[in-house]
There are 2 protein chains.
Amino acid sequence: MIDIFIQKLKITEPELIKEIRECSTITTHKKGDFIIKENEYIKVLKIVLEGKVRVYQANEDREILIYYLNSMETCTLSLSACFEDCKSNVNAIVEEDCTILNIPVRFVKDWNFKYKSWNNFTTNIFRESYMHLINQYSNLAFQPLKDRLYDYLISKAENSIVKKSHQQLAKELGTTREVISRLLKNLEKENKVVLGQKEIIIS
Amino acid sequence: MIDIFIQKLKITEPELIKEIRECSTITTHKKGDFIIKENEYIKVLKIVLEGKVRVYQANEDREILIYYLNSMETCTLSLSACFEDCKSNVNAIVEEDCTILNIPVRFVKDWNFKYKSWNNFTTNIFRESYMHLINQYSNLAFQPLKDRLYDYLISKAENSIVKKSHQQLAKELGTTREVISRLLKNLEKENKVVLGQKEIIIS
DNA sequence: TATCTGTTGTAACAAAAGTCACAAGTATTG
DNA sequence: CAATACTTGTGACTTTTGTTACAACAGATA
């Protein structure tokens, strides 16, 4: 598993590969486990080798998705935290049983100047995440929820099907279940989707 | 001017200081000039030595602030763009006449692995910007505009006074002037602020 | 002073989003 | 099968935000 990750990162330095193997730990987590909780100090960089994790912010009654971590994806927030001892401002919950590669913060910081390929890796993650978040931000500001929902469905569809409950969508888009149900019904009336049980078909 | 910036960055390597001086250019811009436009390729890292720049996203009829660049602040977006040739997804307009330090992208990338203090600088900028943006994001998702406005006024107040027009505030918070005027009037009725011409006093 | 531009106030209405309450269907599991 | 939890539908209502239209005032300048 680590090999695939190392390959994906285009890590060439043998010493770095050795260091990663030596200092990192691999943990497994069940669906529903919290990987990171708000206000907790982050002490390791977390990379999902397998499974799925949802990283989100919450207020009293609603949640909004920051990003999903799928196989071989890196938690930008934990990476960010590695460079300065700081608390998390998000939660991360396991959505599908997963295997996680944990690298203690001090290594992440050291490697950044020691190994070129690690440096490329971290700056790429930052760049991509930052660009993505800015776009999310202005969509949230300017797009009506109906449009955000429809765009989101399209982006998540596999073979034009999205297997999610209305409640899940609400948590991802930062609203409530009733609102999602209503908007989906409207989309169905406009013949843009067909609704099923935990399933939305885009037409 | 460059000296202060170098000092602020805690740059110790004499060669780096030399390189910065040699490769960078200093430009001046008048109020209203565009530093960066949406969909333009970014070719230099921009650091505001003096003056003020507003970086924002726009749609047809509204704008939302991403961040202000004040004296000695670095444009995270242009930094981000340095690591991969890419188009801007924001605009940057001069709000107060300014002096800008421009560093071509290839240097920014090289230095990141060549000089430790430069590496620290870039990762710090990324970390702070990313953390800040995540918080802005969830505020936008969860906080009513009235609260966002009030919090914003408090954060921008100098001696409890904010010298901005309603139109400016609208552009910063991603809404329209009329809405801001109404919400401010409500805040005044609740004795939270006193309104004047281009001036809001927080009480 | 007259004119122009920018600023603020505000009413009336429309649209979007959130809340509450309840009903009914589906899936899961002891 | 019965009980339970999850899922979806939906009406009625409220709150928030956006839109349109117009009036009045302030400040700068010719």
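Order of the sequence lines sets the chain letters (A, B, ...), proteins ahead of strands, with each chain counted from 1.
A cation-pi geometry, defined here as NZ or CZ lying under 6.0 Å from the six-membered ring centre and within 45° of its normal, does not hold between A:Lys171 and A:Tyr56.
Of the residues in residues 158-177 of chain A, those with a non-hydrogen atom less than 4.0 angstrom from any atom of DNA chain C are A:Thr175, A:Thr176. Taking every heavy atom of residues 187-203 of chain B and every atom of DNA chain D, pairs under 4.0 Å involve B:Gln197, by number. Of the residues in residues 178-185 of chain B, those placing a heavy atom less than 4.0 Å from an atom of DNA chain C are B:Glu178, B:Ser181, B:Arg182, B:Lys185, in numerical order.
Rounding to the nearest 0.5 angstrom, the gap separating the CZ atom in B:Arg21 from the CD1 atom in B:Ile2 is 5.5 Å.
Taking 4.0 Å as the cut-off between side-chain N and carboxylate O, A:Lys31 and A:Glu95 do not count as a salt-bridged pair. Using a 4.0 Å cut-off between a side-chain N of Lys or Arg and a carboxylate O of Asp or Glu, B:Lys18 and B:Glu13 do not qualify as a salt bridge. A salt bridge links B:Glu190 with B:Lys146: the closest approach of a Lys/Arg side-chain nitrogen to an acidic carboxylate oxygen falls below 4.0 angstrom. Ion pairing between B:Lys164 and B:Glu199 fails under the 4.0 Å rule for side-chain N and carboxylate O.
Side-chain atoms of A:Thr74 never come within 3.5 Å of backbone atoms of A:Thr76 as a donor-acceptor pair (strictly under, hydrogens ignored).
Using the six-membered ring where Trp is involved, B:Tyr115 and B:Trp111 have ring planes that are perpendicular, over 60° apart on the 30 and 60° scheme. Under the 30°/60° scheme for interplanar angles, the aromatic rings of A:Phe121 and A:Phe5 are found to stand perpendicular.
When the local axes at the two ends of the helix from C:dT1-D:dA30 to C:dG30-D:dC1 are compared, using 5 base pairs at each end, they differ in direction by 30° after rounding to 10°.
Considering A:Ile154, A:Leu173, A:Ile200 as possible partners of A:Leu149, the one that fulfils the side-chain contact (heavy atoms from CB on, under 4.5 Å) test is A:Leu173.
For DNA chain D, the outermost nucleotides in 5' to 3' order that have an atom under 4.0 Å from a heavy atom of chain B are D:dT17 to D:dA26.
Note on B:Arg62: only backbone sugar-phosphate atoms sit closer than 4.0 angstrom, heavy atoms only; bases stay farther off. Residue A:Asp61 is in sugar-phosphate contact alone, with no base atom involved, counting any heavy-atom pair closer than 4.0 Å across all strands shown.
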Taking only distance into account, with no hydrogens and no angle test, what donor-acceptor pairs under 3.5 Å do side-chain atoms of residues 181-188 of chain A form with protein atoms, sequence neighbours excluded?
| residue | atom | partner | partner atom | Å |
| --- | --- | --- | --- | --- |
| A:Ser181 | OG | A:His166 | ND1 | 2.9 |
| A:Ser181 | OG | A:Arg177 | O | 3.3 |
| A:Ser181 | OG | A:Arg177 | NH1 | 3.0 |
| A:Lys185 | NZ | A:Glu188 | OE1 | 2.8 |
| A:Glu188 | OE2 | A:Leu195 | N | 3.0 |

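Heavy atoms only, all atoms of each residue included: A:Trp118 and A:Ile11 are closest at CE3-CD1, 4.4 Å. Of all heavy-atom pairs between B:Cys82 and B:Val44, the closest is SG-C, 4.5 Å.
Between B:Arg127 and B:Asn124, the side chains place a donor N or O and an acceptor N or O closer than 3.5 Å (distance only, hydrogens not considered).
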